[in-house]
Amino acid sequence: MSVKGIIFNIQRFSVHDGPGIRTTVFLKGCPLDCWWCHNPEGRYVGLDNKNGNSVGKEYSVDEVMVILEKDRIFYDESGGGVTFSGGEPLSQTDFLFEVLKRCKHDGIKTAVDTSGYSSKESFEKIIPFTDLVLFDLKIIDNTKHKKFTDVENHIILSNFEFVLKKAKRVIVRFPLIPGITMTTQNIDKVINYLKKTETKPEVNILPFHRIAEGKYLKNGFTNRMAGASELPESEIADVLALIKKFGFEVSIG
């Protein structure tokens with residue numbers, strides 16, 4: 001019997017989850033509980049969310065491919081493809097593997113947007129069929145990482161170093177969250193950590209935004225960032241310039 005995945009959103013014509021025009025497929029389930037999560041409805045595994053509302057739908061690999069084929073002309077013309085996000089897509093490794101393998105066979109470029117919190121075996125399984133890994137690095141201090149995401153970061157950092165060696169292309173995604181990741185201490189630690197890597201990965205900074213507030217209200221989730229302000233453009237530009245100063249290619253997501 002073919003494996004199926006639980007998907008809570010499929011966003012076509014996306015331009016923020018990798019190069020070119022893309023389709024972003026959001027898989028349910030995530031082991032992290034980030035205070036600033038923009039997709040809280042995707043954290044809980046299964047077809048229900050924490051509030052008991054029905055969220056998500058089961059898809060076969062064939063059903064996903066039918067949707068992707070509709071936009072192949074846009075992928076081909078723009079250098080785009082499909083990005084698997086979440087939640088944490090590696091929470092459904094078997095399904096992710098099967099659909100990545102099918103994309104590879106059918107000539108559709110692939111990206112996986114990951115928190116890095118999964119087994120090394122899962123990464124080993126999907127990397128041969130993944131053209132780009134979008135890897136989140138949030139907080140380097142382990143105690144603070146645990147406080148703001150509900151998990152320690154040892155596995156994440158170990159997986160990052162593994163992926164950086166094995167993947168075809170890696171882009172680090174660094175969220176700028178007021179008072180949490182957007183501190184001088186954390187920014188310095190992220191830069192110093194990346195400077196120690198053998199190759200300098202591309203960096204994509206993701207400024208905090210409030211567009212998910214409606215999801216928290218609708219689904220009855222506690223919004224721990226309620227009242228937080230979006231960052232001024234000048235502060236975002238300062239972080240970009242600082243990272244760029246150390247020789248990294250940097251963009252704003």
For this session: Report the C-alpha distance between Glu213 and Asn223 in whole Å, list the side-chain angles of each, state the deciding distance to 0.1 Å, and finish with yes or no for side chain to side chain contact (heavy atoms under 4.5 Å, CB included).
Result: CA-CA 7 Å; Glu213 288 184 351; Asn223 183 2; 3.7 Å; yes
For this session: Ignoring hydrogens and angles, tell me if any N or O in the side chain of Ser78 forms a donor-acceptor pair with the backbone of Gly20 under 3.5 Å.
Result: no
Seminar exercise, completed: One should read off an interatomic distance between Ile10 CD1 and Ser85 OG, to the nearest 0.5 angstrom, of 12.5 Å
For this session: Please tell me if the side chains of Leu96 and Leu90 come closer than 4.5 Å, counting only heavy atoms from C-beta onward.
Result: yes
For this session: For the residue pair Leu27 and Phe95, establish whether any side-chain heavy-atom pair is separated by less than 4.5 Å.
Result: yes
Exercise. Can you name the nearest heavy-atom pair linking Cys103 to Thr110, along with the distance?
Worked result: CB-CG2, 3.5 Å
Exercise. Looking only at atom types and distance, does a side-chain atom of Glu152 sit under 3.5 Å from a main-chain N or O of His154, one as donor and one as acceptor?
Worked result: no
Problem set entry | Donor-acceptor side-chain pairing of Thr23 and Tyr75 below 3.5 angstrom | yes
Exercise. Tyr117, Phe148: one ILVMFWY side-chain cluster at the under-4.5 Å cut-off?
Worked result: no
Exercise. Can Asp76 and Lys109 be counted as an ion pair, charged N to O under 4.0 angstrom?
Worked result: no
For this session: Assert yes or no for the condition that the ring centre distance of Phe123 to Phe162 is strictly below 6.0 Å.
Result: no
Seminar exercise, completed: Value for CD (Gln92) from NZ (Lys4), rounded to nearest 0.5 Å, stands at 13.0 Å
Problem set entry | Heavy atoms from other residues, nucleotides or ligands near NZ of Lys218 exceed 12 (cutoff 6.0 Å) | no
Exercise. Are Ile187 and Phe160 co-members of a hydrophobic cluster defined by side-chain heavy atoms under 4.5 Å apart?
Worked result: yes
Exercise. NZ/Lys57 to CZ/Phe8 distance, rounded to the nearest 0.5 angstrom?
Worked result: 15.5 Å
Exercise. Hey, does Lys104 have a side-chain heavy atom less than 4.5 Å from the side chain of Thr130?
Worked result: no
For this session: Let me know which of Lys146, Lys147, His145 forms a side chain to side chain donor-acceptor pair (under 3.5 Å) with Thr149.
Result: His145
For this session: Could you tell me whether the side chain of Glu63 reaches within less than 4.5 Å of the side chain of Val66, counting heavy atoms only?
Result: no
Exercise. Ile252 and side-chain contact (heavy atoms from CB on, under 4.5 Å): which partner among Val239, Leu176, Ile205?
Worked result: Ile205
For this session: Establish whether Leu157 and Ile139 are linked, either directly or via other cluster members, by ILVMFWY side-chain heavy-atom contacts under 4.5 Å.
Result: no
Exercise. About how many Å separate CG of Leu100 and CZ of Phe84, when rounded to the nearest 0.5 Å?
Worked result: 5.0 Å
For this session: Step by step, work out the side chain to side chain donor-acceptor pair (under 3.5 Å) result for Thr83 and Asp113.
Result: CA-CA 7 Å; Thr83 299; Asp113 183 6; over 6 Å; no
Exercise. Can you tell if the side chain of Val190 reaches within under 4.5 Å of the side chain of Val203, non-hydrogen atoms only?
Worked result: no
For this session: For residues Lys138 and Cys34, report the shortest heavy-atom separation together with the two atoms involved.
Result: CE-SG, 3.5 Å
For this session: Search all heavy atoms of Asp150 against all heavy atoms of Arg43 and return the closest pair with its distance.
Result: OD2-NH2, 4.1 Å
Problem set entry | same_hphob_cluster(Ile67, Phe74) at 4.5 Å side-chain heavy-atom cutoff | no
For this session: Could you go through the side chain to side chain donor-acceptor pair (under 3.5 Å) check for Asp17 and Thr24 one step at a time?
Result: CA-CA 7 Å; Asp17 296 317; Thr24 304; 2.8 Å; yes
Exercise. Where the side chain of Asn186 meets the backbone of Met182, is there a donor-acceptor pair that is under 3.5 Å apart?
Worked result: no
Problem set entry | Check ion pair Arg169-Glu202 (N to O, under 4.0 angstrom) | yes
For this session: Look at atom NZ of Lys245 and say whether more than 12 heavy atoms of other residues, nucleotides or ligands are closer to it than 6.0 Å.
Result: no
Seminar exercise, completed: On a heavy-atom basis, the closest approach of Ser118 and Ile155 is O-CG2, 3.4 Å
Problem set entry | Test item: Phe129 and Glu98 side chains (from C-beta on) under 4.5 Å apart, heavy atoms | no
Exercise. Distance only, no hydrogens: is a donor on one side chain within 3.5 Å (strictly under) of an acceptor on the other, for Ser14 and Arg22?
Worked result: no
For this session: To the nearest 0.5 angstrom, please state how far the CZ atom of Arg12 sits from the CG atom of Asp71.
Result: 4.0 Å
Exercise. Got more than 12 heavy atoms from elsewhere within 6.0 Å of CD, Glu124?
Worked result: yes
For this session: Using a strict cut-off of less than 4.0 Å between a Lys/Arg side-chain nitrogen and an Asp/Glu carboxylate oxygen, indicate whether Asp136 and Arg173 qualify as a salt bridge.
Result: no
Exercise. Any side-chain donor paired with an acceptor under 3.5 Å for Lys125 and Thr93?
Worked result: no
Problem set entry | Stepwise side chain to side chain contact (heavy atoms under 4.5 Å, CB included) check, Leu132 with Ile171 | CA-CA 8 Å; Leu132 168 64; Ile171 296 178; 3.8 Å; yes
Problem set entry | pair Val172-Phe248: side-chain heavy atoms closer than 4.5 Å | no
For this session: Take Asn39 and Lys215, measure what side chain to side chain contact (heavy atoms under 4.5 Å, CB included) needs, and give me the verdict at the end.
Result: CA-CA 8 Å; Asn39 295 312; Lys215 296 181 180 182; 2.8 Å; yes
For this session: Return yes if some donor-acceptor pair links the side-chain N/O of Asn159 with the main-chain N/O of Gly116 below 3.5 Å, else return no.
Result: yes
Exercise. Is it true that the side chains of Glu161 and Tyr193 contain a donor and an acceptor less than 3.5 Å apart?
Worked result: yes
Exercise. Heavy-atom count around Lys165 NZ within 6.0 Å, excluding the residue itself: above 12?
Worked result: no
Exercise. Do Leu134 and Thr114 come close enough that some side-chain heavy atom pair is under 4.5 Å?
Worked result: no
For this session: Return the set of residues passing salt bridge (Lys or Arg N to Asp or Glu O under 4.0 Å) with Glu69 (not counting sequence neighbours), or none when no residue passes.
Result: Arg72
Exercise. Any link between Val112 and Ile21 through a network of hydrophobic side chains (Ile, Leu, Val, Met, Phe, Trp, Tyr) touching at under 4.5 Å?
Worked result: no
Problem set entry | From CA spacing to verdict: side chain to side chain contact (heavy atoms under 4.5 Å, CB included), Lys28, Val55 | CA-CA 9 Å; Lys28 280 203 77 179; Val55 176; 4.0 Å; yes
Problem set entry | Inter-residue atom distance Ser122.OG - Ile126.CD1, 0.5 Å rounding | 8.5 Å
Exercise. With a 3.5 Å cut-off and no angle check, do the side chains of Gln185 and Lys144 form a donor-acceptor pair?
Worked result: yes
For this session: Can you see which heavy atom on Asp141 is nearest to which on Thr143, and at what distance?
Result: OD2-N, 3.2 Å
Seminar exercise, completed: Tightest non-hydrogen contact, residues Leu242 and Phe246, listed as O-CD1, 3.2 Å
